[in-house]
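Written below as structure tokens is the structure these notes are about.
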Amino acid sequence: MMNFIKASILRYQLGSLLLLVLLLAVVLPLSLDIFRLNLVGKYLTYAFVAVGLVMVWGYGGVLSLGQGVFFGIGGYAMAMFLKLEASDPVTTKIQSTPGIPDFMDWNQITELPALWLPFKSLPLSLALVVLAPMALAWLVSFAMFKRRVGGVYFAIITQAVALICTVLIIGQQGYTGGVNGMTDLKTMLGWDTRTDGAKYVLYYVCVGLLIASIVLCRWIQTSKLGTLLLAMRDKEDRVRFSGYDVSNFKVFIFCLAAGLSGIGGAMFALQVGFMSPSFVGIVPSIEMVIFCAVGGRMSLVGAVYGALLVNAGKTLFSESFPDLWLFLMAGLFIGVTMAFPMGLAGLWDEKIRPWWKERRKALREAAVQPPASTATPPVPASPSALPSPEPQLPEGVGSQRA
């Protein structure tokens with residue numbers, strides 16, 4: 001039984017995951033006030049995107065520079081439900097058309113668009129949080145991967161998708177809120193999400209969903225699919241010649257990353273209380289890649305630490321050095337990636353863990369070997385054990401015999 005537990009811990013990296021759970025669920029809530037803890041909850045929403053990038057970039061070998069699109073779609077799906085709840089006829093009775101969001105009334109829209117009708121239902125909205133980003137990801141990836149478009153070309157295409165989505169959201173102000181986004185998101189089914197108690201609940205929900213996402217991704221990594229993803233990343237032609245359809249694996253893993261990003265966007269809208277196109281464009285998408293690179297693009301837990309570290313540094317630098325924080329952030333990213341190409345997880349695996357193993361080995365050897373001062377002195381041999389001297393012949397006997 002103990003051997004099975006040890007094997008499971010090593011295979012699924014449960015040790016590092018348990019330390020992460022302890023940090024997020026116990027240490028941070030006990031040591032931070034509600035304002036700072038809410039900031040950490042906001043940082044953890046970006047960690048969903050970083051975990052998805054570990055799967056699609058680290059294991060699948062596909063670099064996506066447009067993950068902010070899926071983060072934004074999930075966030076808008078949740079924000080649309082919250083905005084409809086905040087736009088009931090009683091609250092909006094001063095509008096020209098009560099019962100619709102305020103920005104629609106400002107743009108002379110007199111009835112709720114058909115696109116918004118599904119978001120009157122919370123279960124349907126939660127389903128669209130995951131399904132809508134995955135649908136767009138399937139459309140883009142199926143069109144590209146079936147034609148064997150990859151590498152830098154795919155990264156550029158995802159950037160173009162991010163730009164197109166940003167322009168559409170800003171241009172359709174009457175349907176999306178435009179550049180201002182969706183604000184005044186206060187309640188969910190009558191539950192006030194702005195109270196301290198609600199913020200604690202939303203934080204723990206975010207932590208639970210993030211840990212579940214890591215467990216799911218780790219299970220995929222340890223399965224046959226994970227082995228195929230690594231083989232596809234290193235020797236794609238060999239996997240294709242073995243009879244596997246490489247494009248299907250790429251489509252699946254890209255859709256998985258998009259679904260995780262959508263969950264992060266929904267939790268962001270719930271915890272922060274607004275959603276805008278500033279989280280959809282090219283710049284936030286590249287920042288999300290930085291989270292993954294700093295943490296380690298081959299480590300799921302490392303990606304979470306990368307998101308926490310970069311965003312905490314961003315907040316600290318912007319508060320302390322408002323004129324220089326962008327340069328400090330750039331220096332942090334360049335320094336970490338140059339010194340540790342595999343991120344923080346690579347630093348742990350290549351430097352800290354071998355040093356710790358050598359130190360433990362030296363301590364064990366020192367404990368087994370007795371000190372020199374207590375060494376047992378050699379015991380002199382007993383007289384009976386000494387060899388008897390050969391008998392001496394009298395003088396002249398030898399010569400007489402000769």
Side-chain angles (χ1 to χ4, degrees), residues 17-51 71-72 74-88 90-92 101-102 119 121-123 125-126 129 177 180-214 260-276 278-279 284 291 304-320 322 325:
L17 184 60
L18 290 176
L19 288 177
L20 179 64
V21 172
L22 181 64
L23 173 67
L24 297 180
V26 179
V27 177
L28 292 181
L30 292 178
S31 58
L32 299 178
D33 56 49
I34 188 59
F35 174 75
R36 294 293 177 182
L37 189 66
N38 194 36
L39 278 180
V40 174
K42 173 186 171 182
Y43 303 158
L44 291 178
T45 62
Y46 300 132
F48 286 91
V49 187
V51 168
F71 182 86
Y76 268 96
M78 179 55 66
M80 290 166 75
F81 170 79
L82 299 176
K83 190 64 178 178
L84 284 178
E85 183 173 346
S87 304
D88 60 277
V90 176
T91 306
T92 59
D102 48 9
F119 297 97
S121 169
L122 179 59
S125 299
L126 294 177
V129 162
N180 296 322
M182 298 183 188
T183 59
D184 200 29
L185 310 178
K186 302 176 181 178
T187 62
M188 184 177 67
L189 297 180
W191 179 50
D192 192 349
T193 58
R194 298 170 299 172
T195 63
D196 291 349
K199 290 178 180 179
Y200 275 110
V201 171
L202 290 175
Y203 173 79
Y204 278 106
V205 170
C206 185
V207 170
L209 290 175
L210 180 60
I211 297 302
S213 301
I214 294 175
L260 294 177
S261 301
I263 296 174
M267 292 307 304
F268 179 90
L270 280 169
Q271 294 185 89
V272 180
F274 78 97
M275 195 67 201
S276 75
S278 60
F279 303 101
F291 303 157
V304 178
Y305 287 118
L308 291 174
L309 175 65
V310 175
N311 283 283
K314 186 177 180 179
T315 300
L316 177 63
F317 293 153
S318 61
E319 291 176 351
S320 304
W325 72 273

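Here the structure is a predicted model, which means the values were calculated and not measured.
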What closest approach, in Å, do [X] and [Y] show between heavy atoms, and which atom pair accounts for it?
X      : Y      : value
Ala25  : Tyr204 : O-OH, 3.0 Å
Phe291 : Ala50  : CB-CB, 4.2 Å
Phe48  : Leu260 : CB-O, 3.3 Å
Cys206 : Gly41  : SG-O, 4.0 Å
Tyr76  : Met182 : CD2-CE, 3.6 Å
Pro123 : Ser121 : CD-OG, 3.3 Å

Summary of salt bridge (charged side-chain N to carboxylate O under 4.0 Å, His left out) pairs that have at least one residue in residues 19-39, sequence neighbours excluded: Arg36-Glu319
Find the distance between [atom1] ([X]) and [atom2] ([Y]) and round it off to the nearest 0.5 Å.
X      : Y      : atom1 : atom2 : result
Tyr43  : Leu24  : OH    : CG    : 13.5 Å
Leu308 : Leu28  : CG    : CG    : 7.5 Å
Leu82  : Leu189 : CG    : CG    : 9.0 Å
Leu84  : Leu185 : CG    : CG    : 10.5 Å
Met78  : Met275 : CE    : CE    : 11.5 Å
Thr45  : Leu209 : OG1   : CG    : 12.0 Å

Residue pairs involving residues 188-200 (criterion side chain to side chain donor-acceptor pair (under 3.5 Å); sequence neighbours excluded):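 Counting only pairs at least two positions apart or across chains, the side chain to side chain donor-acceptor pair (under 3.5 Å) contacts touching residues 188-200 are Asp192-Arg194.
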May I have all residue pairs that pass side chain to side chain donor-acceptor pair (under 3.5 Å) and include part of residues 180-190, sequence neighbours excluded? Glu85-Thr187, Asp184-Lys186
Side-chain polar contacts of residues 262-270 - donor-acceptor pairs under 3.5 angstrom, sequence neighbours left out - could you list them?
none

Go through Val304 and Val51 one step at a time and tell me if the side chain to side chain contact (heavy atoms under 4.5 Å, CB included) criterion holds. CA-CA 7 Å; Val304 178; Val51 168; 4.1 Å; yes
Can you sort out the partners of Ser318 under side-chain hydrogen bond (donor to acceptor under 3.5 Å, both in side chains), two or more places apart, ordered by chain and number? none
List in chain and number order the residues that pass side chain to side chain contact (heavy atoms under 4.5 Å, CB included) with Leu30, two or more places apart in sequence or in another chain; answer none if no residue qualifies. Val26
Evaluation steps, side chain to side chain contact (heavy atoms under 4.5 Å, CB included), between Leu23 and Leu19: CA-CA 6 Å; Leu23 173 67; Leu19 288 177; over 6 Å; no
Is there a donor-acceptor pair closer than 3.5 Å between any side-chain N or O of Thr91 and the backbone N or O of Ser87?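 No: the side chain of Thr91 does not pair with the backbone of Ser87.
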Applying side chain to side chain contact (heavy atoms under 4.5 Å, CB included), run through Leu39 and Asn311 and close with a yes or a no. CA-CA 9 Å; Leu39 278 180; Asn311 283 283; over 6 Å; no
Is the closest side-chain heavy-atom distance between Pro29 and Tyr203 below 4.5 Å?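 They are in contact (side-chain heavy atoms under 4.5 Å apart), so the answer is yes.
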Run the numbers on Leu126 and Phe81 for side chain to side chain contact (heavy atoms under 4.5 Å, CB included), then give the verdict. CA-CA 9 Å; Leu126 294 177; Phe81 170 79; over 6 Å; no
